[in-house]
Amino acid sequence: MTLGVGIIGAGVMGADHARVLAQSVGGARLVAVADADRDRAAQVASANDALRTHADGTALIADSDVDAVLVASPDATHAPLVLACLAAGKPVLCEKPLAPTAAECGAVIEAETRLGRRLVQVGFMRRFDPAYAAMRTSVAAGEIGTAMMLHCVHHNAKAPAFFEPGMIVTNAAVHEIDVARWLLGEEIARVTTFGANPDRMLLVMESASGVLIDVALYMNATYGYDVRAELVGSRASLSRAPADPATRRADAAQATALATDWRAHFEAAYRLQLQAWIRSIRTGAPAGASAWDGYAATAVAEACLRASASGRREPVDLPLAPPLYHQR
Ligand SMILES: NC(=O)c1ccc[n+]([C@@H]2O[C@H](COP(=O)([O-])OP(=O)(O)OC[C@H]3O[C@@H](n4cnc5c(N)ncnc54)[C@H](O)[C@@H]3O)[C@@H](O)[C@H]2O)c1
């Protein structure tokens, strides 16, 4: 059986997910696209042979041809749409963040727990990036000894048009927050932030066991899209290499190409994430980041916002108990 997928939000990410789903993922087809801008929905639907468009996400979720939903609309719309998917009993892959506030993420966890099965996957696609995945395999195999420090760089060439103050953590740093939790296999306990400019921040996180994680965020770095990570252990260090390692040598210099944005840089990760999502629906074996992971990442982001306001080191509050499925 081919799964019918509906995409809500036909902007930069929705259009890219639609293309990847149509061209590179087996076992599923795009059947419907919803966007507040009906022309944009029509363009993405016709470019990828979808059956129809909807003006709003709720109508798409109710569409009987839609078996599973991908949410790629703005952050503030995520939680209500994911809750509507849960109410309809439909699996949902929600772009990050699960929601901008931990309270909204908590409502999703409670709804999913009431349902008694895991239907939510959060689009922390770096978990599917081959280089990050290789790092995690090495860490889990004990190859670095004990984790000591994680150094991260997250530079965008240009901040997205929708960027507002605070999104540097709730929308951007959540990727590093999730990667840190996932690589280290533990929660973040405390955070400190530095910098008063909305597009630049140095973030220091401390894991529950005391691993130090530093993240340099710069949303308007102009020179290209640049994401790096180095995990230092008691016996070895692991680095995430650039996505395109081809090196050009000319004029007595050598250069490695950089992507201009996340779509090219993490091309494999987005494709593998979609494949894993479709496979997980078909097999019933969950994949990727869960609603709990979305909640924990946003709770750390909220602690960062508190740290920015107070100028102090702030603890991370995780008042909810992890659902049964959250087993490491
Ligand atoms: N995983 C990643 O690496 C990654 C990268 C970029 C963006 N994102 C996430 O993807 C989401 C979309 O980002 P984008 O860059 O595509 O934004 P975008 O502004 O390009 O697209 C958003 C689209 O949603 C539509 N829209 C707005 N309100 C809507 C509603 N209520 N219902 C349906 N459609 C609505 C807009 O008309 C627009 O077409 C965001 O949540 C963002 O955080 C994730």
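Residue numbers run from 1 in the order of the sequence given.
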Take V44 and I7, measure what side-chain contact (heavy atoms from CB on, under 4.5 Å) needs, and give me the verdict at the end. CA-CA 10 Å; V44 170; I7 294 185; 6.0 Å; no
Residues which pass side chain to side chain contact (heavy atoms under 4.5 Å, CB included) with [X], listed by chain and number, not counting sequence neighbours:
| X | result |
| --- | --- |
| Q43 | none |
| T137 | none |
| A307 | V191, T193, E314 |

Would you say [X]'s side chain and [Y]'s backbone share a donor-acceptor pair under 3.5 angstrom?
| X | Y | answer |
| --- | --- | --- |
| D56 | T58 | yes |
| S73 | G9 | no |
| T298 | A99 | yes |

Reference residue K96; test side-chain hydrogen bond (donor to acceptor under 3.5 Å, both in side chains); the match among D293, T170, D75, N171: N171
Could you give all pairs that pass the ring-ring contact (aromatic ring centres under 6.0 Å, His included) test and reach residues 295-321, with sequence neighbours left out? W292-Y295
Would I144 and L238 count as a side-chain contact (heavy atoms from CB on, under 4.5 Å) here? Give the steps. CA-CA 8 Å; I144 67 161; L238 298 167; 3.5 Å; yes
Selection [range] - residue pairs positive for side chain to side chain donor-acceptor pair (under 3.5 Å), sequence neighbours left out:
| range | result |
| --- | --- |
| residues 274-283 | none |
| residues 24-39 | R38-T53 |
| residues 210-219 | H151-D214 |

Hydrophobic side-chain clustering at under 4.5 Å (ILVMFWY, transitive links): who's grouped with L272? Put none if nobody. F128
Salt bridge (Lys or Arg N to Asp or Glu O under 4.0 Å) partners for D63, two or more places apart: R52
Could you check if a side-chain atom of W262 sits within less than 4.5 angstrom of a side-chain atom of N156, using non-hydrogen atoms only? yes
For residues 100-124, the salt bridge (charged side-chain N to carboxylate O under 4.0 Å, His left out) pairs (sequence neighbours left out) are none
Sequence neighbours left out, what pairs pass salt bridge (charged side-chain N to carboxylate O under 4.0 Å, His left out) with at least one residue falling in residues 15-27? D16-R19
For R313, is there an ion pair with E206 - N to carboxylate O distance below 4.0 angstrom? yes
So that I can tick it off, tell me whether R127 and D129 are bridged by a salt bridge, with the cut-off set at under 4.0 angstrom between side-chain N and carboxylate O. no
What residues, two or more places apart in sequence or in another chain, satisfy ring-ring contact (aromatic ring centres under 6.0 Å, His included) together with F124? none
Mind telling me whether Y225 and F266 have parallel, tilted or perpendicular rings, with 30° and 60° as the class edges? perpendicular
